[in-house]
Each structure stands twice: as C-alpha cells, then as structure tokens.
Protein chains: 2
Amino acid sequence: MPRTTRQRTAVADLLDGVPDFHSAQDLHRMLHDRGERVALATVYRTLQVLTDLGEVDSVRGPDGELRYRRCEAEAHHHHLVCRSCGTTVELDAAAVEAWAGGIARAHGFTDVEHTVELFGLCARCGSRSADAR
Amino acid sequence: MPRTTRQRTAVADLLDGVPDFHSAQDLHRMLHDRGERVALATVYRTLQVLTDLGEVDSVRGPDGELRYRRCEAEAHHHHLVCRSCGTTVELDAAAVEAWAGGIARAHGFTDVEHTVELFGLCARCGSRSADAR
DNA sequence: TAGTTCATGAGAACTATTCTCATTACGGAG
DNA sequence: CTCCGTAATGAGAATAGTTCTCATGAACTA
C-alpha cells in the first residue's frame with residue numbers, strides 16, 4: 001500500500017521529464033535545482049520502490065554505480081549507453097534472450113537472470129574525443 | 001616492471017587453487033586462513049595488476065561487488081554463475097559478440113564494450129532450494 | 001476530524017574499494 | 001655477494017555509493 005507523497009511525486013515527475021539513465025545522486029541534484037526539497041535517502045527509497053513496481057529501470061554502470069530511468073519498453077530489454085553523455089538506446093534483444101535461456105538450460109541452470117549492457121561512445125561523443133586527441 | 005613478491009605469489013597461488021569467482025574480501029580471508037599475512041589493500045592491488053595482465057577475470061555480481069577468478073579461456077568471454085554456490089561456467093559467446101558489435105555499429109557507437117553475465121541456480125542448488133520451499 | 005501507520009529527513013553507519021605515506025624488500029649493477 | 005634505487009607493502013585514513021535508525025510529519029481511513 002504505497003502512499004502518494006509530495007516527494008514520491010516529485011521523483012516520478014522528474015523521471016518523466018529526463019531521458020537516459022542517471023544516478024540517484026544526479027537525480028537528487030536535479031530535484032534540488034528544481035527547488036524540490038527531497039532528502040537523498042528518500043530518493044533512494046523511492047527509486048527502489050519504483051524499480052520494484054517495474055516503473056523504473058536500473059543498470060549498473062562499469063563503475064558499479066546504479067543508474068535509473070523511467071522504463072519505456074514494457075518487456076524485459078537491454079541498453080546501449082554512451083559512456084560520455086549518457087544517451088541511451090533501448091534494445092529489444094530477442095536474440096540474446098533466446099541465447100541466454102538456451103545456454104542456461106543446456107547447463108542445467110534454472111531461475112536464470114542475465115545482465116547484458118553495452119557501453120560505448122555515441123557518434124557525437126566519438127567524433128568529439130577524436131578531435132581532443 | 002612488476003616485481004615478484006611473497007604477497008603477489010600468495011595471491012596467484014591461491015587463485016590457482018580455487019575455482020569459481022570470489023570477492024577480494026573472500027580471497028583475503030582465505031589467505032588469512034592459510035596463514036598468509038597479506039594486507040587487504042595488497043590483495044586489491046594485486047588483483048588489479050593481474051586483471052590488467054589478463055591473467056585474472058572479473059565480474060560484477062548483482063550486488064555490485066567485484067568477483068575475481070583465474071582466467072581460463074584466453075579470449076574475451078562471459079560467464080554463467082550459480083547465485084547460490086558460485087559454480088561458474090565459462091561461455092564462449094561468439095554469437096553475442098557479433099550481435100553486440102553489430103547493434104553498436106548500427107547505432108553509430110564506437111569503442112564499445114559490453115557486459116554479459118548470466119546468473120542462476122545450478123542443477124544442484126536448484127533442486128535443493130526446491131525442497132526448502 | 002482523529003488516529004494509525006507509512007514516509008520523510010538528517011545524519012550515522014556500512015560496504016567495497018582506493019589512497020597516503022612511511023617502511024620494507026626485490027633484483028639489477030658492481 | 002652486497003649495495004641501492006625503486007616498486008611493493010601495511011595500516012589506517014579517506015571516498016563513494018547506498019542503507020539504516022529513529023524521532024517527527026503527513027496520508028489515508030473510519
């Protein structure tokens with residue numbers, strides 16, 4: 001029985017407005033910049049709740065930090081994230097799903113979940129950093 | 001110019017003796033139990049060095065903790081890890097590699113790296129937990 | 001409107017990992 | 001075989017992200 005609070009709403013609204021993945025800390029900063037007063041711990045709690053409800057999507061970046069985003073596709077899916085600017089492409093990876101399931105079954109594993117995330121430099125960031133070098 | 005020290009050797013030997021993935025903390029504990037006196041920081045440093053040398057393999061578990069293991073396959077590969085007992089199967093995922101590369105290219109991404117890990121319950125642990133319920 | 005209970009805020013607490021820096025000890029040169 | 005320069009170590013402090021505690025505040029419900 002989740003309760004509708006000002007903070008909960010603020011976080012949800014924020015997520016509706018920003019594309020791509022952001023860390024809890026980032027989101028907290030954004031809320032603060034918007035003038036919303038929400039404690040960091042509350043942001044974490046809310047993100048957890050939303051994730052449990054399946055309304056938010058989370059991935060762990062290469063540095064181990066969790067990043068969240070309003071989930072757009074309904075089904076299970078994966079991401080291609082720009083390491084530099086955070087731009088995200090949602091992938092429908094039926095091929096990978098099938099592969100993962102098959103492999104797991106072949107090895108006698110059950111109750112399988114998988115992590116598949118791609119990180120790279122998007123076209124824009126890629127050309128920019130090429131200049132820098 | 002890496003230097004061969006008692007600690008380095010101890011960690012390498014330990015890794016040779018244990019299959020499956022273990023956290024740095026676990027490895028440190030094991031060393032301690034073996035009577036080897038190696039500082040935790042040194043374990044971390046050594047694992048980093050070995051990882052850079054490609055002699056050790058690391059994956060980030062669902063909890064975000066890094067787990068290490070002596071790398072068996074030479075090339076880049078992925079894992080199927082039992083959530084319960086840690087048993088690991090090394091996967092040669094040429095199919096996934098190709099898929100990842102293709103997807104990334106299709107979206108204009110470069111310098112792509114990917115994370116693909118499967119977690120589940122191995123045959124043994126699966127049947128055991130079925131009893132428990 | 002009153003009361004119950006879930007949610008919040010603030011900061012402490014935790015966990016994993018990295019860093020600092022004084023001290024130790026490889027390993028090549030002589 | 002010893003001497004030395006320098007990389008490696010130990011111990012604990014420092015970081016970063018995240019979770020927990022607990023007193024206080026605000027949503028629903030009757």
Side-chain angles (χ1 to χ4, degrees), chain A residues 1-15 20-53 55-69 81 83 86 115 117 119, chain B residues 1-15 20-53 55-69 81 83 86 115 117 119:
Chain A
M1 44 295 300
R3 207 167 270 188
T4 307
T5 65
R6 174 178 64 76
Q7 294 83 338
R8 227 97 126 166
T9 307
V11 173
D13 285 354
L14 175 62
L15 287 170
D20 306 332
F21 284 90
H22 297 280
S23 67
Q25 315 255 358
D26 271 353
L27 293 169
H28 176 247
R29 204 170 307 123
M30 291 182 208
L31 282 172
H32 194 268
D33 292 347
R34 281 188 173 198
E36 292 282 359
R37 188 174 310 290
V38 182
L40 179 57
T42 301
V43 173
Y44 274 104
R45 274 187 292 239
T46 303
L47 288 171
Q48 239 169 223
V49 171
L50 292 176
T51 300
D52 289 346
L53 292 176
E55 294 184 18
V56 161
D57 224 10
S58 70
V59 270
R60 204 177 281 279
D63 56 353
E65 184 190 62
L66 279 171
R67 307 254 250 352
Y68 306 85
R69 187 182 71 159
V81 186
R83 212 178 350 250
T115 305
E117 304 298 343
F119 297 96
Chain B
M1 45 270 335
R3 208 167 270 189
T4 309
T5 64
R6 174 178 63 76
Q7 295 82 339
R8 226 97 124 169
T9 307
V11 172
D13 285 355
L14 174 61
L15 286 169
D20 306 333
F21 284 91
H22 297 279
S23 68
Q25 315 256 357
D26 271 353
L27 293 169
H28 175 248
R29 204 172 306 121
M30 290 182 208
L31 283 173
H32 193 268
D33 291 347
R34 281 189 173 198
E36 293 281 0
R37 188 175 310 291
V38 182
L40 179 58
T42 299
V43 174
Y44 273 104
R45 275 186 292 236
T46 303
L47 288 171
Q48 239 170 221
V49 170
L50 293 176
T51 301
D52 289 346
L53 293 175
E55 294 183 18
V56 159
D57 223 12
S58 71
V59 271
R60 204 177 280 280
D63 55 353
E65 184 189 60
L66 279 172
R67 306 256 247 353
Y68 305 84
R69 186 181 72 158
V81 186
R83 207 168 7 239
T115 304
E117 303 298 341
F119 298 94

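A, B, ... follow the sequence lines: proteins, then strands. Residue 1 opens every chain. Because only heavy atoms are used, hydrogens play no part in the values below, and waters and symmetry mates are left out as well, while side chains stay in.
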Self-check item: Selection: residues 44-53 of chain B, any non-hydrogen atom under 4.0 Å of DNA chain C
Solution: Y44(B), R45(B), Q48(B)

Exercise. Can you run down the ring-ring contact (aromatic ring centres under 6.0 Å, His included) pairs that involve residues 20-45 of chain A, sequence neighbours left out, and say none if there aren't any?
Key: F21(A)-H79(A)

Practice problem: Search all heavy atoms of T4(B) against all heavy atoms of T9(B) and return the closest pair with its distance. | Solution: CG2-OG1, 3.9 Å

Exercise. Can you tell me which residue pairs pass the salt bridge (charged side-chain N to carboxylate O under 4.0 Å, His left out) test with a partner in residues 20-30 of chain A, sequence neighbours excluded?
Key: D26(A)-R29(A)

Self-check item: With sequence neighbours excluded, residues passing side-chain contact (heavy atoms from CB on, under 4.5 Å) with L66(A)
Solution: S58(A), R60(A), Y68(A)

Exercise. Please name all residues satisfying side-chain hydrogen bond (donor to acceptor under 3.5 Å, both in side chains) with E55(A), sequence neighbours left out, ordered by chain then number.
Key: R70(A)

Practice problem: Could you tell me the separation between the CZ atom of R8(A) and the P atom of dG25(D), rounded to a whole number of Å? | Solution: 19 Å

Quiz item: Can you name the residues that form a side-chain contact (heavy atoms from CB on, under 4.5 Å) with Q48(A), not counting sequence neighbours?
Solution: none

Quiz item: Tell me, which pairs form a salt bridge (charged side-chain N to carboxylate O under 4.0 Å, His left out) where one or both residues lie in residues 31-44 of chain B, sequence neighbours left out?
Solution: R6(B)-E36(B)

Exercise. Evaluate the side-chain proximity of T46(B) to V38(B): yes if any heavy-atom separation is below 4.5 Å, no if none is.
Key: no

Quiz prompt | From L15(B) atom CG to L50(B) atom CG, the distance as rounded to the nearest 0.5 Å | solution = 6.5 Å

Quiz item: End-to-end bend of the helix from dT1(C)-dA30(D) to dG30(C)-dC1(D) (five-pair axes, 10° rounding)?
Solution: 30°

Please write out the pairs of protein N or O atoms and N or O atoms of nucleotides 26-30 of chain D separated by less than 3.5 Å, giving the distance to one decimal.
from: dA27(D); atom 1: N3; to: R3(A); atom 2: NH1; distance (Å): 3.4
from: dC28(D); atom 1: OP1; to: T4(A); atom 2: N; distance (Å): 3.4
from: dC28(D); atom 1: OP1; to: T4(A); atom 2: OG1; distance (Å): 3.4

Practice problem: May I have the distance from L66(A) (atom CG) to dT19(D) (atom P), rounded to whole angstrom? | Solution: 7 Å

Exercise. Using heavy atoms and a sub-4.0 Å distance, could you list which residues of residues 33-43 of chain B are near DNA chain D? By number, please.
Key: R37(B), V38(B), A39(B), A41(B), T42(B)

Quiz item: In a check of side-chain contact (heavy atoms from CB on, under 4.5 Å) between L31(B) and each of L40(B), D13(B), T42(B), V43(B), which one passes?
Solution: V43(B)

Quiz item: Of all residues at least two apart in sequence or in a different chain, which pass the salt bridge (charged side-chain N to carboxylate O under 4.0 Å, His left out) check with R69(B)?
Solution: E90(B)

Self-check item: Euclidean distance, atom CZ of residue R60(A) to atom P of dG17(D) [Å, nearest integer]
Solution: 13 Å

Practice problem: Just jot down the side-chain hydrogen bond (donor to acceptor under 3.5 Å, both in side chains) partners of R67(B), sequence neighbours excluded, or say none. | Solution: none

Quiz item: Which whole-number value in Å describes the distance from R29(A) CZ to dA16(D) C1'?
Solution: 12 Å

Self-check item: Euclidean distance, atom NE2 of residue H28(A) to atom P of dT18(D) [Å, nearest integer]
Solution: 13 Å

Quiz item: Between Y68(B) and Q7(A), which is nearer to the 5' end of DNA chain C once each is assigned its nearest nucleotide?
Solution: Q7(A)

